[in-house]
2 protein chains.
Amino acid sequence: MSQSDTVQRILDAAEVLFAQKGFAETSLRAITSRAGVNLAAVNYHFGSKEALIQAVFERYLTPFCQALDGKLQELEGQGAADLEKLFGVASRLALGSHGDEPRRAMIFFRLSGQAYSQPQDHLRAYLREHYGAVFRRFLALLRTAVPEVPPMELFLRVHFSLGAVIFTLSGMESLQTISKKDFNTDITAARITQQLLPFVVGGIRG
Amino acid sequence: MSQSDTVQRILDAAEVLFAQKGFAETSLRAITSRAGVNLAAVNYHFGSKEALIQAVFERYLTPFCQALDGKLQELEGQGAADLEKLFGVASRLALGSHGDEPRRAMIFFRLSGQAYSQPQDHLRAYLREHYGAVFRRFLALLRTAVPEVPPMELFLRVHFSLGAVIFTLSGMESLQTISKKDFNTDITAARITQQLLPFVVGGIRG
DNA sequence: CGCGGGGGCAAACGTATGTTTCAAACGTTT
DNA sequence: AAACGTTTGAAACATACGTTTGCCCCCGCG
């Protein structure tokens, strides 16, 4: 067939492994081995490891950003929206817009964390170029939701929130481990993300 | 001399390079070259690259945690402290307890971000084992500061805050770059960290 | 039927890495 | 001054990596 499922198999494997072990620590051999395809397939279909990394992000981010953009345009039409609504929409979309379980979302947030903390400059530039518009649209809506917060401070606080979210969802398993050891409580991922919302809202308000 | 400054030179170089490029992406050759020492010196003095990574963290974290622990014990004696005071103390100590400029602190937060997002399991275990006690002491004090927040939620929100802080200070330069491009404003690192405090306090209160 | 090309495969290539080796240089002690 | 343990030095080692190379198969078109 013209476009085999080899591409998808590679992307699936790469997504999980990159999230588990990081970009540099994941070899193409580990990816192709998990995907059950030949080593050369990566360079054949994607050109390079760097391009594969970008492709992994693109496959996840494009549908999400399109969905978010649509929702945001809706909200723009309806006039002012409050903080809870805005973050609620983004959160529901991020966790559920992919049909499959939110496990996928968690994997992706781990990827984002790595993209941010490691200096994958090419990736940062790529993300900024392709998805910066949606981010700015979101920021503009936020501004109308909390006009009492100066734009510059709002901008910073949104980044703080992004940090809390990415960091939390990146280290979800270790968070669950610790909470079990220190509090004798099993806590679901859903509950953690649910707690994230009031924290973010409270932080943005200051 | 019995313990030469080679060890310190290596630690200095490793600290900066690890923060700049990540652990896996930084070769021992890059480190020893920057330090002006022989390649074999790392394995001679530290045993392995992994041990070097731990040593970098230890050199920074041990003085900080000792200082923090002392301050916290003081506060315990003085009865209840409020949120602003607790986070203020921790923040001042983290940014200034090392004599030298807060640049050092920023470097270290970048390191922390990488330690968290990459699955350096050995590092996570090491940090937990050596510095978990201080963290628990801090958490206990927080509990008395906001008794209205259930312990479990407080625990989560502290982690959210940690995420915001680490994420922010990790990506400080890119944050400054963006703010300059989008807001035409130069923003100092000090101002960003200063904005971090009300965000964290607001988030913890919910 | 032939044959042309897209995709898959094993193998090899060049390079960069962490680590080891062993001899030379150094400083301290006797 | 001689002997010793500690530290440095240049070089080599084994390995793992990303990438490239040819050769094979197989399907669709002439």
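The chains referred to below are lettered A, B, ... by the order of the sequence lines, with proteins before strands, and numbering in each begins at 1.
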Who passes salt bridge (Lys or Arg N to Asp or Glu O under 4.0 Å) against B:E173, sequence neighbours left out?
B:R110
Who passes salt bridge (Lys or Arg N to Asp or Glu O under 4.0 Å) against A:E74, sequence neighbours left out?
none
A:Q176: which residues meet the side chain to side chain contact (heavy atoms under 4.5 Å, CB included) condition with it, sequence neighbours left out?
A:M172, A:I187, A:A189, A:I192
Which residues pass the side chain to side chain contact (heavy atoms under 4.5 Å, CB included) test with B:T177, sequence neighbours left out?
none
Distance in angstrom units between [X] [atom1] and [N] [atom2], rounded:
X     : N      : atom1 : atom2 : value
B:L17 : C:dT17 : CG    : C1'   : 15 Å
B:K21 : C:dA16 : NZ    : P     : 13 Å
B:D5  : C:dC26 : CG    : P     : 16 Å
B:Q8  : D:dT7  : CD    : C1'   : 16 Å
B:K49 : D:dT15 : NZ    : P     : 19 Å
B:E25 : D:dG18 : CD    : C1'   : 15 Å

ring-ring contact (aromatic ring centres under 6.0 Å, His included) pairs touching residues 149-175 of chain A, sequence neighbours excluded, are A:F135-A:H159, A:F155-A:H159, A:F155-B:F183, A:F160-B:F199, A:F167-B:Y116
Taking only N and O in the side chain of B:T6, is any of them less than 4.0 Å away from OP1 or OP2 of D:dT8?
yes
Specify the residues of residues 26-34 of chain B, ordered by number, for which at least one heavy atom lies under 4.0 angstrom from an atom of DNA chain C.
B:T26, B:S27, B:L28, B:R29
Members of residues 38-48 of chain B that approach DNA chain C, where some heavy atom sits under 4.0 Å away:
B:L39, B:A40, B:N43, B:S48
Within the side chain of A:S170, is there an N or O that forms a donor-acceptor pair under 3.5 Å with the backbone of A:F109?
yes
Residues pairing under salt bridge (Lys or Arg N to Asp or Glu O under 4.0 Å) where one sits in residues 186-199 of chain A, two or more places apart or in two chains, turn out to be A:K180-A:D186
Applying side-chain hydrogen bond (donor to acceptor under 3.5 Å, both in side chains) as the test, list every pair that has at least one member in residues 62-72 of chain A; sequence neighbours left out.
A:T62-A:Y131, A:D69-A:R137
